[in-house]
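Given the structure is predicted, the values throughout are model-derived calculations rather than measurements. Every number for a ligand or one of its atoms is a count from 1 in the order of the listing.
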Amino acid sequence: MSLGEFDLIARYFARPTCRAALGPGDDCAVLALRPGMQLAVSCDMLVEGRHFLPTVEPRRLGHKALAVNLSDLAACGARPLACTLAIALPRVDEAWLEGFSAGLYALAEAHGCELVGGDTTAGPLTLCITVFGELPVGAALLRSTARAGDEIWVSHAIGGGLGDARLALEAFRGQVSLPGAVFERVRLAMEQPQPRVALGLALRGLASAAIDVSDGLLGDLSHLLRRSAVGATVDVGRVPRSADLAAQSLALQRLCTLAGGDDYELVFTAPEAASAHVLEAARGAGVAVSRIGRIEAGPGLRLVDGDGRAVEPVWSSFDHFRA
Ligand code: ADP
Ligand code: MG
């Protein structure tokens, strides 16, 4: 006989917590906040067929469901505290639950983010995680505080870049054919992104504004520009890309790096005088950062290549109701 709802929760989603004042099992979880700290809260939903392919390994899916939420905490400079998981499952598949919960807990433990509660129901596979992070009062990194003259930076893996997740998606869609080892590597970037939590923390008090890149660099940067009432020029040649992506056509490189989506990197701004500190912060966080442009007073986003020549923007930032 298959597991019932409560046995399923007890077996896969109710590991004991130690930082939370009260974890799963009661009507509410209770979080203890230290004096002088604020709670940062974010929620992201993943729906099968829309945010992930049915073929993804459950372990990677468990990782990704939490990673996309931790990326939002990172963009605000918040330290992860706890999360809740609302999950709709078409059926009880214990091998799937085993993998999914292992992937989720592995990333949660790596970031000290305790699963403190949730909701479980039957239905089309849907995952909704809410994360809670802590921040000193007033220290949150915002989208709305970039200033003219600031430099624009983007994070990336050391030796890597933006756009690998989109390259994997193009390969899944049959738009590009990749050697097996390259496909596996970019597929890992798509299925198991690494949220830049340590970098977000290190950028507190240093970056003037920040956002995470979930829907494509240009689209997400544009949100930051609009909220800050400024514009920018970005040198597309400086947007970092992996050697595997650099081996593709220029059009595909631009699509993937500029409008790719699913990167979960941080794009942030900082005064020029802070650049040495920015590099130091990135080193300490174990990631690379590249300077890709500058904030300007005039609204709009201008793209140039290495010679300063204007480049046509690739505007296919993801929008669920327009896609
Ligand atoms: P309620 O009836 O109050 O909605 P439930 O019966 O749904 O509570 O859940 C029982 C307990 O199990 C609660 O503490 C809830 O937070 C926890 N829980 C339910 N689903 C999950 C899940 N997917 N992950 C973690 N905890 C869960
Ligand atoms: Mg419930």
Side-chain angles (χ1 to χ4, degrees), residues 1-34 37-74 76 78-134 191-195 197 214 262 264 320:
M1 210 183 79
S2 85
L3 279 184
E5 175 186 339
F6 299 103
D7 294 327
L8 181 164
I9 296 166
R11 188 167 302 176
Y12 296 106
F13 299 118
R15 291 194 195 172
T17 56
C18 56
R19 291 168 75 203
L22 190 60
D26 272 88
D27 288 304
C28 289
V30 178
L31 304 179
L33 266 193
R34 294 179 295 158
M37 303 300 269
Q38 289 177 320
L39 206 51
V41 182
S42 181
C43 167
D44 255 310
M45 183 151 68
L46 300 185
V47 175
E48 186 177 57
R50 197 148 253 285
H51 302 92
F52 59 92
L53 303 170
T55 49
V56 64
E57 268 176 46
R59 194 184 172 96
R60 291 188 181 179
L61 185 60
H63 172 106
K64 183 166 180 176
L66 181 58
V68 304
N69 282 279
L70 291 177
S71 179
D72 287 322
L73 289 184
C76 287
R79 184 183 299 282
L81 270 183
C83 60
T84 59
L85 166 68
I87 184 167
L89 294 166
R91 73 196 77 82
V92 177
D93 174 342
E94 290 214 55
W96 189 93
L97 282 160
E98 188 77 53
F100 177 83
S101 68
L104 180 97
Y105 273 109
L107 186 67
E109 279 160 19
H111 289 280
C113 184
E114 296 187 321
L115 179 61
V116 294
D119 199 26
T120 304
T121 176
L125 185 56
T126 306
L127 308 163
C128 182
I129 291 185
T130 301
V131 279
F132 305 88
E134 66 172 4
E191 295 180 342
Q192 202 167 293
Q194 297 302 324
V197 173
S214 52
D262 263 2
Y264 302 104
H320 281 289

Find all atoms of ligand 1 within a distance of less than 4.0 Å from any non-hydrogen atom belonging to D27, and give their numbers and elements. 3 (O)
Under 4.0 Å from a heavy atom of T120: give me the atoms of ligand 1 that qualify, with their elements. 19 (C), 20 (N), 21 (C), 22 (C), 23 (N)
Ligand 1 atoms nearer than 4.0 angstrom to some heavy atom of P24 are 14 (O)
D26 heavy atoms, cut-off 4.0 Å: which ligand 1 atoms fall inside? 13 (C), 14 (O)
For a quick test of reading the model, state the closest non-hydrogen atom pair linking E94 to R11 and the distance between them. OE1-NH1, 3.0 Å
side-chain contact (heavy atoms from CB on, under 4.5 Å) with V131: which of V68, L66, V41? L66
Rounded to the nearest 0.5 angstrom, the CZ-CE distance for R79 and M37 is 7.5 Å
Taken to the nearest 0.5 Å, the spacing of F132 CZ from L81 CG works out to 9.5 Å
Whether F6 lies under 4.0 Å from ligand 1, heavy atom: yes
For ligand 1, which atoms, with element, lie under 4.0 Å from some heavy atom of G117? 16 (O), 24 (N), 25 (C), 26 (N), 27 (C)
Close approach, A14 and ligand 1, non-hydrogen under 4.0 angstrom: no
Write down the atom of E114, the atom of C18, and the distance for their closest heavy-atom approach. OE2-N, 2.7 Å
Which part of I9 is near ligand 1, with near meaning a heavy atom under 4.0 Å away: side chain, backbone, both or neither? side chain
Carefully, step by step, assess F100 and L85 under the rule side chain to side chain contact (heavy atoms under 4.5 Å, CB included). CA-CA 12 Å; F100 177 83; L85 166 68; 4.0 Å; yes
With S42, the side-chain contact (heavy atoms from CB on, under 4.5 Å) member among L70, I129, D72: D72
What atoms of ligand 1 come within less than 4.0 Å of a heavy atom belonging to I87? 23 (N)
Looking only at non-hydrogen atoms, the one of A10, G118, G23, C83 nearest atom 27 (C) of ligand 1 is G118
